[in-house]
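On a predicted model such as this, the values are computed, not experimentally measured, just so you know. Just so it is clear: chains get the letters A, B, ... in the order the sequence lines come, proteins before strands, and each one is counted from 1.
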Amino acid sequence: MQKFYITTPLYYVNDKPHIGHAFATVTADIMARWHRLNGEKVFFLTGTDEHGEKNQKAADAKGMTPQQYVDGLADIYKGVWKDLNISYDGFVRTSSPAHEEAASRFVELMNKSGDIYKGEYEGWYCIPDETFFTDLQLVDGRCPDCGREVKKVKEESYFFKLSEYQQRLLDHYASHPQFLSPELRADEIKNRVKAGLKDLSITRAAIKWGVPFPLDKSRTVYVWVEALVGYLSGIGWRSKESEALWPADTHLVGKEINWFHAVVWPAMLMSAGLQIPKRIFAHGWWTVDGKKMSKSVGNVVDPVEMVRKYSADTFRYFLVREKPISEDGDFSEKAMITRINGELVADLGNLVSRTLTLTGRFNGPIAGRPELESHLRLDKITERMDRFDPFGALEEIWSFVRASNKYVNEKAPWKLEGAELSNSLYNLLEACRILSILVSPYMPETSEKLNAQLGVSPGTLKDCRFMEWKGNAVRGEHLFRKIE
RNA sequence: AGCGGGGUAGGGUAGCAUGGAGUGCCCGCCGGGCUCAUAACCCGGAGAUCGGUGGUUCAAAUCCACCUCCCGCUACCA
């Protein structure tokens with residue numbers, strides 16, 4: 001059986017999830033559900049990145065231990081994913097003992113390869129922000145975040161010989177064109193790697209809330225290096241199951257963390273002697289009402305509120321329908337309402353509604369010839385999904401919805417009777433049944449409702465063709481409520 | 001500054017690699033049809049000097065050069 005292992009980023013838990021987190025997680029969920037429909041052995045991992053100074057300080061301020069503090073945050077994430085109907089198979093937390101052990105073991109493997117050495121890190125440090133910057137990042141010699149003065153700091157540190165992997169990385173990119181996805185991000189990474197790689201400092205002396213560095217327990221492992229290992233610890237690295245799942249098929253990541261996944265992570269895996277994931281897919285960002293989302297502007301979109309207001313299915317639908325996964329796009333409730341009323345209510349909901357009303361008026365057996373089948377482009381839908389394009393697949397699915405609505409107008413079943421009426425109903429009912437399957441990764445609850453009204457059991461991709469009608473259709477409530 | 005991406009009807013996009021009538025899609029607008037359907041559905045129409053200038057060519061949204069505007073990334077900030 002074919003397997004499919006997909007991950008979301010392990011979210012840094014400095015706050016509750018916003019639309020960006022929801023977008024990545026919903027997208028990964030849709031892909032996971034799609035591959036399950038295809039009969040594959042799927043493992044869908046998400047989780048939280050919980051170490052680092054920020055969490056330690058936040059915990060101190062609340063008089064809690066860091067562990068207590070991040071426990072609460074991890075629960076918030078899990079709660080939101082439940083609200084959004086996320087079907088994850090694993091949830092990895094970087095503060096868990098299993099993860100710490102895995103991270104430690106990983107560092108030891110890198111060390112065995114001779115890729116770790118002790119050196120000195122030098123950088124510009126902004127004391128109030130507690131952040132290091134490189135020469136390039138400074139703005140007029142000052143902190144790019146707060147504009148205050150920075151201080152040159154030297155710190156003893158262990159390094160990973162990232163620079164030695166330049167050629168192997170470039171070779172890998174060349175021989176695995178899909179690895180850097182989407183294409184428009186590929187050159188960005190290739191050119192930067194071509195320009196040369198610096199070794200990566202992988203320990204922190206000052207940060208206590210982290211995984212102890214195995215070669216020198218007075219330090220902790222740099223959070224990034226450690227968090228990446230979460231993709232292994234999250235599937236129980238070195239267990240039988242993890243052997244069958246690795247390498248990951250897709251790491252879905254935000255474009256801002258593409259570097260770590262497309263450069264640092266494969267180099268680390270090469271060093272540790274492990275296989276490289278098949279695809280790193282960098283997704284785009286959301287603006288909100290045309291503006292960059294930020295707390296200070298106060299336009300942060302809360303997914304929980306959207307679910308409460310519009311339902312999980314409609315919010316999920318909007319997130320993947322409004323823009324291509326790889327592009328940036330704008331979120332507004334107005335745009336969402338337009339999509340709900342126009343595409344869900346008027347296209348899909350209306351198709352089901354008119355089909356079931358017409359069916360309800362007919363008493364005879366339902367059978368016919370597949371006249372609508374040529375409008376169903378399952379090959380195109382599958383091709384889009386294979387390219388990690390659930391947005392494009394939705395376009396194809398909707399062209400079938402439109403063709404079906406058109407079929408109703410052309411056939412005018414209300415004027416037909418007998419075998420011709422039966423034939424038109426057959427086509428519409430089969431179209432609805434197939435649509436229910438195709439839409440299920442995006443809107444699982446809607447698919448269930450539709451199946452119940454059609455009187456059919458959930459199908460798989462194999463059932464997405466016109467067969468004999470075997471359902472028992474009874475008109476029920478509207479699938480979607482129009483937003484006035 | 002370096003590297004990368006982009007500027008196509010009122011808005012959003014596809015098309016560009018392999019040049020061939022401004023061709024497609026969604027929203028909005030105008031008109032018509034239908035009456036099964038949540039005034040939903042279907043058909044038709046208006047609306048674009050394809051960011052600008054110059055070049056290559058019989059022919060440029062598409063290729064080349066320059067200009068201009070917007071955006072992203074720039075590694076120890078997760």
Side-chain angles (χ1 to χ4, degrees), chain A residues 9-14 48-55 94 121-123 125-126 129-137 143-145 155 157 159-160 162 182-195 197-204 222-228 254-260 263-264 282 284-285 287 321-324 326-330 335 338-339 341-347 349-361 392 395 398-399 402 404-416 424-425 428 475 477-482 484:
Chain A
L10 305 187
Y11 302 112
Y12 193 69
V13 290
N14 55 1
T48 41
D49 177 7
E50 305 181 345
H51 285 134
E53 195 167 18
K54 277 185 194 163
N55 287 327
T94 60
Y121 173 72
E122 196 180 71
Y125 191 70
C126 174
D129 281 1
E130 296 173 332
T131 302
F132 278 99
F133 297 101
T134 59
D135 290 341
L136 273 174
Q137 285 177 302
C143 172
D145 285 348
E155 180 182 310
S157 173
F159 284 82
F160 167 49
L162 181 61
E183 264 184 64
L184 69 103
R185 298 261 156 231
D187 287 344
E188 197 169 286
I189 294 290
K190 284 184 202 166
N191 286 342
R192 278 183 62 194
V193 172
K194 272 181 204 160
L197 294 172
K198 287 194 279 183
D199 291 344
L200 181 72
S201 159
I202 58 169
T203 58
R204 293 293 177 274
Y222 174 40
V223 275
W224 256 115
V225 166
E226 174 230 314
L228 288 164
K255 60 186 181 183
E256 81 288 1
I257 58 175
N258 202 21
W259 173 259
F260 285 94
V263 180
V264 177
W285 281 111
T287 54
R321 184 67 189 87
E322 181 67 7
K323 70 180 188 69
S326 54
E327 304 288 323
D328 290 347
D330 187 55
T338 301
R339 296 248 178 230
N341 288 347
E343 293 168 13
L344 297 180
V345 175
D347 290 342
N350 185 40
L351 173 67
V352 169
S353 173
R354 59 205 307 215
T355 297
L356 291 179
T357 299
L358 289 163
T359 304
R361 295 179 181 182
E395 285 189 325
W398 243 252
S399 76
R402 294 201 170 92
S404 300
N405 267 321
K406 186 171 176 175
Y407 180 85
V408 180
N409 284 56
E410 283 172 355
K411 284 280 169 177
W414 54 92
K415 289 180 183 165
L416 300 174
S424 63
L425 295 176
L428 291 170
R475 195 184 202 285
E477 277 187 3
H478 291 304
L479 293 180
F480 306 100
R481 202 180 65 251
K482 186 166 179 174
E484 303 293 350

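- Here B:C41 presents its C1' atom at 12 Å from CD of A:Glu410, a figure rounded to the nearest Å.
- Both distances falling under 3.5 Å, in either a Watson-Crick or a G-U wobble arrangement, place B:U23 opposite B:A14.
- Between A:Asp330 atom CG and B:C70 atom P the separation is 18 Å, expressed in whole Å.
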Are there any protein N/O atoms within less than 3.5 Å of an N/O atom in nucleotides 27-35 of chain B, and if so, which ones and at what distance?
from  : atom 1 : to       : atom 2 : distance (Å)
B:G33 : N2     : A:Asn409 : ND2    : 3.3

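- Using N1 to N3 plus N6-O4 or O6-N4 for Watson-Crick, or N1-O2 and O6-N3 for G-U wobble, each under 3.5 Å, B:U57 pairs with nothing.
- Residue A:Ala346 is classed as a sugar-phosphate contact, given heavy-atom separations below 4.0 Å to backbone atoms only.
- Counting heavy atoms from C-beta on, the side chains of A:Glu50 and A:Tyr12 never come closer than 4.5 Å.
- Across all strands, A:Phe480 comes closer than 4.0 Å to base atoms (heavy-atom distances).
- Where A:Thr357 and A:Lys482 each meet RNA chain B at their nearest nucleotide, the meeting point lying more 5' is that of A:Thr357.
- Residue A:Asn55 is classed as having no contact, given no heavy-atom separation below 4.0 Å to the nucleic acid.
- With both ends at atom P, the span from B:G6 to B:A46 equals 31 Å, rounded to whole Å.
- Rounding to whole angstrom units, CG of residue A:Asn258 and P of B:C73 are separated by 11 Å.
- Within the 4.0 angstrom heavy-atom criterion, only backbone atoms of the sugar-phosphate kind lie near A:Asn405; the bases stay farther away.
- Contact annotation for A:Arg321: no contact, since no heavy-atom pair falls under 4.0 Å across all strands.
- Protein atom NE2 of A:His478 is 14 Å distant from nucleotide atom P of B:C41, rounded to whole Å.
- Contacts of A:Asp330 classified as salt bridge (Lys or Arg N to Asp or Glu O under 4.0 Å), with partners at least two apart in sequence or in another chain: none.
- Within the 3.5 Å criterion, the main-chain N or O of A:Thr355 finds a donor-acceptor partner in the side chain of A:Thr359.
- Separation of atoms CG (A:Leu200) and OH (A:Tyr222) is listed at 6.5 Å; rounding is to 0.5 Å.
- Here the P atom of nucleotide B:C36 and the OH atom of A:Tyr407 are 18 Å apart, to the nearest Å.
- The P atoms of B:U8 and B:G51 are separated by 6 Å, rounded to the nearest whole Å.
- Distance check on atom P: B:G5 versus B:A17 gives 16 Å, rounded to whole Å.
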What protein N or O atoms touch nucleotides 4-15 of chain B N or O atoms at under 3.5 angstrom, if any, and at what distances?
from : atom 1 : to       : atom 2 : distance (Å)
B:G4 : OP1    : A:Asn191 : ND2    : 3.4

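- With both ends at atom P, the span from B:A9 to B:G24 equals 15 Å, rounded to whole Å.
- Contact annotation for A:Leu428: no contact, since no heavy-atom pair falls under 4.0 Å across all strands.
- Within the 4.5 Å cutoff, side-chain heavy atoms of A:Asn405 are placed close to those of A:Arg354.
- B:U62: no Watson-Crick or G-U partner with both key distances under 3.5 Å is found in any strand.
- Taken to the nearest 0.5 Å, the CZ atom of A:Arg339 stands 4.5 Å off from the CD atom of A:Glu322.
- Across all strands, A:Leu197 comes closer than 4.0 Å to base atoms (heavy-atom distances).
- B:A60 and B:G22 have their P atoms separated by 9 Å, given to the nearest Å.
- Salt bridge status for A:Glu327 with A:Lys323: absent, with no side-chain N to carboxylate O gap under 4.0 Å.
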> Between A:Arg475 and A:Ser353, is a side-chain contact (heavy atoms from CB on, under 4.5 Å) present by the stated rule, with each step listed?
Replying inline: CA-CA 7 Å; A:Arg475 195 184 202 285; A:Ser353 173; 2.5 Å; yes
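- If you take CG of A:Leu200 and P of B:A75, they are 12 Å apart, rounded to a whole angstrom.
- Nucleotide B:A75 holds its P atom 18 Å from the CZ atom of A:Phe160, rounded to whole Å.
- The nucleotide B:G28 finds no pairing partner, because no Watson-Crick or G-U wobble arrangement with both distances shorter than 3.5 Å includes it.
- In this structure, A:Lys406 does not reach the B:C41 phosphate: none of its side-chain N or O atoms is under 4.0 Å from OP1 or OP2.
- For the C1' atom pair drawn from B:U57 and B:G20, the interatomic distance equals 12 Å after rounding to whole Å.
- Comparing the C1' positions of B:U62 and B:G7 gives a spacing of 15 Å, expressed to the nearest Å.
- With the nearest nucleotide of RNA chain B identified for both A:Arg192 and A:Val223, A:Arg192 has the one nearer the 5' end.
- Summarising the geometry, atom CH2 belonging to A:Trp398 is positioned 11.0 Å from atom OG belonging to A:Ser404; distances are rounded to the nearest 0.5 Å.
- At distances below 3.5 Å, not a single donor-acceptor pair connects side-chain atoms of A:Asp49 with backbone N or O atoms of A:Tyr11.
- Taking atom NZ of A:Lys323 as the reference point, atom P of B:C25 lies 24 Å away to the nearest angstrom.
- Nucleotides B:G10 and B:C71 have their P atoms positioned 22 Å apart, rounded to a whole Å.
- Side chain of A:Asp199 to main chain of A:Leu162: a donor-acceptor pair is present (N/O by atom type, distance under 3.5 Å, no hydrogens or angles).
- Across the strands present, B:C3 finds its partner in B:G72; the criterion is a Watson-Crick or G-U wobble pair with both atom distances under 3.5 angstrom.
- Between the CD atom of A:Glu188 and the CH2 atom of A:Trp259 there is a distance of 10.5 Å, given to the nearest 0.5 Å.
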